[in-house]
Visitor: 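Input: one structure, supplied below.
None of these values were measured; they are calculated from a predicted model.
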Amino acid sequence: MGKLFICDHPLIQHKLTFIRDENTKTKDFRELVDEVATLMAYEITRDIPLEHVQVKTPVTTADCRIISGRMLGLIPILRAGLGMVDGVLKLIPAAKVGHVGLYRDPDTLQPVEYYVKLPTDVLERELIVIDPMLATGGSANAAIEVLKRRGCTQMKLMCLIAAPEGIKAVQQEHPDVDIYVAAVDDYLNDHGYIVPGLGDAGDRLFGTK
Ligand code: URA
């Protein structure tokens, strides 16, 4: 089963409190989500491999380490995932960014892809799928499926807040995908909102409501 990592660094938890607050306005909400994404990027990259190199310092030769292995790709799920991309790019500026857009078919209630644009070298990259709210897990599962169908094999899922239902759904359908969250909330209400949550992440990020 995929592992669940809760990024409980005090700075993340502090900022998440203001993100949740209904009185936080769009500008501050956007900035806080961006900052938390940067801090979470620090946690999510903790296991990336390093290799040894030597550099000449002004004094002597030093044994040092640099990042090796696969390069990274960010895959925000449209539209709320966009709100975390810049924050991650601050720490991983060389990452390429693909986009996956999904909507829910009103009859079947199944997610349908309406937009997929991936880096040309996506198969060589380790991917971070980004969606702030892991609610039912439907969108995350569908986005991961979109990537797997195209041959991608290595990915992590990064969310701000998850409901237990969403975590379970992703762990069942994609046991190879580790999940990184800032918080696990209580449950999903009848309207599909995470409780206590933060409301609609897309609306709060983009000021549409
Ligand atoms: N999507 C959101 O934006 N908020 C929720 O609470 C659940 C899904």
Visitor: Quick one: which of Val129, Ile6, Ile167 gives a side-chain contact (heavy atoms from CB on, under 4.5 Å) with Ile179?
Guide: Ile167
Visitor: For residues 74-87, pull every pair meeting salt bridge (charged side-chain N to carboxylate O under 4.0 Å, His left out), keeping only residues two or more places apart or in separate chains.
Guide: Arg79-Asp203
Visitor: Taking the side chain as every heavy atom from C-beta outward, state whether Val116 and Arg150 have any atom pair closer than 4.5 Å.
Guide: yes
Visitor: Under a 4.0 Å threshold between the charged nitrogen and the carboxylate oxygen, would Lys156 count as salt-bridged to Glu43?
Guide: no
Visitor: Would a 4.5 Å heavy-atom cut-off, applied to side chains only, mark Val170 and Leu134 as touching?
Guide: yes
Visitor: So, for Ala140 and Leu157, which heavy atoms are closest and what is the spacing to 0.1 Å?
Guide: CB-CD2, 3.9 Å
Visitor: Do Leu118 and Leu147 have side-chain heavy atoms sitting under 4.5 Å apart?
Guide: yes
Visitor: Is the shortest side-chain heavy-atom distance between Met40 and Ile12 below 4.5 Å?
Guide: yes
Visitor: So which pairs with a foot in residues 10-44 pass ring-ring contact (aromatic ring centres under 6.0 Å, His included), sequence neighbours left out?
Guide: His14-Phe18
Visitor: How close do Gly83 and Leu205 get, counting heavy atoms only, and between which atoms?
Guide: CA-CD1, 3.8 Å
Visitor: With sequence neighbours excluded, what pairs up with Arg20 under the side chain to side chain donor-acceptor pair (under 3.5 Å) test?
Guide: Asp185
Visitor: In the hydrophobic clustering that connects Ile, Leu, Val, Met, Phe, Trp and Tyr at side-chain heavy-atom distances below 4.5 Å, which members other than Ile48 occupy its cluster, ordered by chain and number?
Guide: Leu50, Ile67
Visitor: Just jot down the side chain to side chain donor-acceptor pair (under 3.5 Å) partners of Glu124, sequence neighbours excluded, or say none.
Guide: none
Visitor: Would you say Ile130 and Ile75 make side-chain contact, with heavy atoms under 4.5 Å?
Guide: no
Visitor: Any side-chain heavy-atom pair from Leu188 and Ile194 closer than 4.5 angstrom?
Guide: yes
Visitor: Tell me, please, which residues at least two apart from Tyr193 pass ring pair (Phe, Tyr, Trp, His ring centres under 6.0 Å).
Guide: none
Visitor: Could you pull out the closest heavy-atom pair between Ser139 and Ile77, with the gap in Å?
Guide: O-CD1, 3.9 Å
Visitor: Just to verify, what does Asp190 make a side chain to side chain donor-acceptor pair (under 3.5 Å) with, not counting sequence neighbours?
Guide: none
Visitor: Taking the side chain as C-beta and beyond, is there a heavy-atom pair between Val36 and Leu160 under 4.5 Å?
Guide: yes
Visitor: If you look only at pairs with a residue in residues 125-180, which of them pass as a ring-ring contact (aromatic ring centres under 6.0 Å, His included), with sequence neighbours excluded?
Guide: Phe5-Tyr180
Visitor: Can you name the salt bridge (Lys or Arg N to Asp or Glu O under 4.0 Å) partners of Lys117, sequence neighbours left out?
Guide: none
Visitor: Return the set of residues passing salt bridge (Lys or Arg N to Asp or Glu O under 4.0 Å) with Lys168 (not counting sequence neighbours), or none when no residue passes.
Guide: none
Visitor: Name all residues meeting the salt bridge (Lys or Arg N to Asp or Glu O under 4.0 Å) criterion together with Asp176; count only those two or more places apart in sequence or in a different chain, and write none if there are none.
Guide: Lys148
Visitor: Under 3.5 Å, is there a donor-acceptor pair between the side chain of Asp178 and the main chain of Lys3?
Guide: yes
Visitor: Taking the side chain as every heavy atom from C-beta outward, state whether Leu72 and Val88 have any pair of such atoms under 4.5 Å apart.
Guide: no
Visitor: State plainly whether the residues Lys15 and Asp34 are in salt-bridge range, i.e. N to O under 4.0 Å.
Guide: no
Visitor: Could you tell me whether Glu113 and Arg149 make a salt bridge, using a distance below 4.0 angstrom between a side-chain N and a carboxylate O?
Guide: yes
Visitor: By the ring-ring contact (aromatic ring centres under 6.0 Å, His included) test, which pairs, at least two apart or in different chains, include something from residues 73-116?
Guide: none
